Amino acid sequence: MNLSIPYNLDFVNVVATFLEEVGGCYGADAAEKQRLRLIGEEAFSFIMVGIPDQDFSEMFQLRCMEMDDRLSLSFSNHGRPMNVREVKDFSVDDMEGTADGLSLRLLRGLCDELLFQNRGREGWELAIQFKLKNYKPVLSGTDEAKEELKPGISYDFTVRHSETDDIPGIINLVYNTYRYSYAKSFAYSKELFQEAIDTGKIFSMVVATADQKIIGHQAILFESPQLGEVGMAMVDPQYRKSRAFLLLKRDMKEEVMLNYPNVILYIKAVTSHKSSQAFMTGTSISLLELSVYNHASFVGMKAGHNPRESLIYGFVTFSPNLPLKPIYIPEEHHEMVSSFFAGTTFSIQVEKNNGTVAVGESVFEVKANTENQHAKLYFNSIGKDFSTVLKKQTRSLQQDGIITIHAIVPSHENQPENSDQLLMANGFFFSGIKPNANREWDLIYTNLLHQKFNFDDIQLFSPKAVELCSYIKEQYERIL
């Protein structure tokens, strides 16, 4: 929660009242509310002493943030720098000249911790922590780990194929889970959803309660008769502690094995929280697609994460005799890619690249999404101008505001031995492989040089995903 007001002492009661009321929301008793009020008065008055009288347009900002057992209060200070501002200890012999010191002494006695932090060109910050005896979190109170089965909710439900009358319930489920931030826009349109089902682009199943309320959904989204994405898996936040998810996953698998046994299925899940990756169990992890778009708002989940969402991919098929072409992998990543297929039903030859550069020019296609600041360079062939094309296209896309670029290289053709080195030299690092609509496999490389990225904020469910992430992080750090 934030308060933004002018640096004007006439607003001191606004600051004091704001803190008092916030404290009440978090369980403060009468004495604690009075202490918070005094903190607001003294902190704002102390800061105002250092604010110049003229030529000043900055706004005062007060932020209140939840911590495990306390409130964290952040008071902005755009006045005289604290490391040069003289604050004398309070003395009864010079009460007027040391009033600043009295405010500071009172503040330290009213709170549990007080710090001055230098924010550079953003000025200084007075950071205060305040414990409450009966502290009760408000904004983080719906953390899934703390949820219990709620009384009065029916846990008698069935799993079945989606029907036309279910679509409004599915749309409502999408809203309950993601609000309006879900990436697939057709999920908010009854007409587009119905069209996708009618044309066979989606195979959809729901979990319904006895009174036909839709509380779970999962679908196969077909890119071709050979490839489908397992997705749109969601359960109403009120039912995440129930067995709805497990029943849905089991029945969907049975349907796929019966009706789509020869389809390669891939699954992708966000890396901002582990729970969403649970349905990837049984798949082979093969790709970490980094910094794809700004975060969806997943209701009921709370976690630290990068400003942009990344996706973890896995693949599976239920056919033991699926015909597949050999794939060619750079020698640098041959061992890692071979491990993706170990222990699976895929019978595929994984060869090492040993080709030569084509005589002609590179053949490629650019697909950019300016809204997500994300682009893909699809290479059909690598020519003698490959390095020049990479550099030129990367620079052009970044000048247009694109901050994440993926280079996609086909693996069904024997590429030049030095292809990985050329990609690395232009800021692209190996991130994994993914099946495509032709039942072939694409090598995915990523360029993140136009942004900051923290691998430590990625949250992964399976050990294989963690292993792949560590491997990719090593590739990323080699180009920095």
Side-chain angles (χ1 to χ4, degrees), residues 1-26 28 32-67 70-88 96 98-132 135 137-140 179-181 294-295 297 302 304-308 373 401 403 451-452:
M1 288 169 289
N2 298 341
L3 173 68
S4 179
I5 57 174
Y7 280 97
N8 187 317
L9 198 54
D10 290 340
F11 291 105
V12 64
N13 283 328
V14 175
V15 177
T17 302
F18 177 77
L19 282 185
E20 182 180 9
E21 294 301 321
V22 167
C25 294
Y26 285 90
E32 289 170 328
K33 288 169 71 173
Q34 182 60 31
R35 282 173 59 198
L36 283 165
R37 184 174 187 86
L38 289 172
I39 287 173
E41 292 175 354
E42 292 299 333
F44 192 64
S45 300
F46 176 80
I47 289 169
M48 283 303 304
V49 172
I51 301 297
D53 295 331
Q54 42 188 305
D55 297 328
F56 195 81
S57 59
E58 299 285 353
M59 295 287 286
F60 169 76
Q61 306 288 336
L62 171 55
R63 292 182 296 138
C64 298
M65 295 159 286
E66 293 183 3
M67 297 184 71
R70 68 191 69 186
L71 289 175
S72 176
L73 313 174
S74 172
F75 298 77
S76 69
N77 184 355
H78 291 89
R80 195 175 307 117
M82 288 305 302
N83 54 356
V84 299
R85 178 177 167 186
E86 186 180 8
V87 181
K88 297 179 181 178
E96 185 174 341
T98 59
D100 242 6
L102 178 59
S103 288
L104 195 54
R105 181 193 294 180
L106 288 171
L107 276 173
R108 293 190 189 280
L110 290 167
C111 64
D112 295 283
E113 186 175 336
L114 183 149
L115 294 171
F116 291 104
Q117 299 177 333
N118 189 343
R119 308 285 293 178
R121 296 183 64 183
E122 297 180 14
W124 284 70
E125 179 180 77
L126 174 58
I128 288 176
Q129 293 187 17
F130 187 84
K131 287 186 178 180
L132 296 169
Y135 176 73
V138 177
L139 300 178
S140 60
R179 298 298 184 251
Y180 286 109
S181 66
N294 291 330
H295 277 276
S297 177
K302 182 187 72 169
H305 47 63
N306 285 294
R308 287 167 60 79
Q373 297 177 284
I403 62 175
Q451 63 182 287
K452 291 182 178 180

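Residue numbers run from 1 in the order of the sequence given. This structure is a prediction, so every number in the text was calculated from the model and none was measured.
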Tell me every residue that passes side-chain hydrogen bond (donor to acceptor under 3.5 Å, both in side chains) with [X], counting only those two or more places apart in sequence or in another chain.
X: Q451; value: S291, T404
X: E20; value: R37
X: Q373; value: none
X: E42; value: S103

Checklist entry - Is a side-chain donor or acceptor of Q129 paired with a backbone partner of R70 at a separation under 3.5 angstrom? => result no

Within a strict 4.5 Å, meaning less than it, do heavy atoms of the [X] and [Y] side chains meet?
X: R308; Y: I403; value: yes
X: L106; Y: F46; value: no
X: L19; Y: F44; value: no
X: F116; Y: N118; value: no
X: L71; Y: L132; value: yes

Item to check | Residue pairs fulfilling salt bridge (charged side-chain N to carboxylate O under 4.0 Å, His left out) with at least one residue in residues 3-14, sequence neighbours excluded | outcome: none

Checklist entry - What residues form a side chain to side chain contact (heavy atoms under 4.5 Å, CB included) with L38, not counting sequence neighbours? => result Q34, E41, L110

Checklist entry - Which residues satisfy the salt bridge (charged side-chain N to carboxylate O under 4.0 Å, His left out) test with R108, sequence neighbours excluded? => result none

Smallest separation among heavy atoms of [X] and [Y], with atom names:
X: A43; Y: F75; value: CB-CE2, 3.7 Å
X: I51; Y: I47; value: CG1-O, 3.5 Å
X: V15; Y: G40; value: CG1-O, 3.8 Å
X: G79; Y: P52; value: CA-CD, 4.5 Å
X: L107; Y: I39; value: CD2-O, 3.7 Å
X: C25; Y: V138; value: O-CG2, 3.6 Å

Checklist entry - How far apart are the C-alpha atoms of N77 and L126, what are their side-chain angles, what is the distance that settles it, and do they pass the side chain to side chain contact (heavy atoms under 4.5 Å, CB included) test? => result CA-CA 7 Å; N77 184 355; L126 174 58; 5.8 Å; no

Next on the checklist: Taking ring pair (Phe, Tyr, Trp, His ring centres under 6.0 Å) as the definition, give me every residue that meets it alongside Y7, ordered by chain and number, with sequence neighbours left out.
Outcome noted: F56, F60, H78

Rounded to the nearest 0.5 Å, what separation is found between the [atom1] atom of [X] and the [atom2] atom of [Y]?
X: F18; Y: N2; atom1: CZ; atom2: CG; answer: 7.0 Å
X: E125; Y: L115; atom1: CD; atom2: CG; answer: 9.5 Å
X: S76; Y: R63; atom1: OG; atom2: CZ; answer: 9.0 Å
X: Y26; Y: L36; atom1: OH; atom2: CG; answer: 12.0 Å
X: D112; Y: S72; atom1: CG; atom2: OG; answer: 11.5 Å
X: L73; Y: E113; atom1: CG; atom2: CD; answer: 11.5 Å

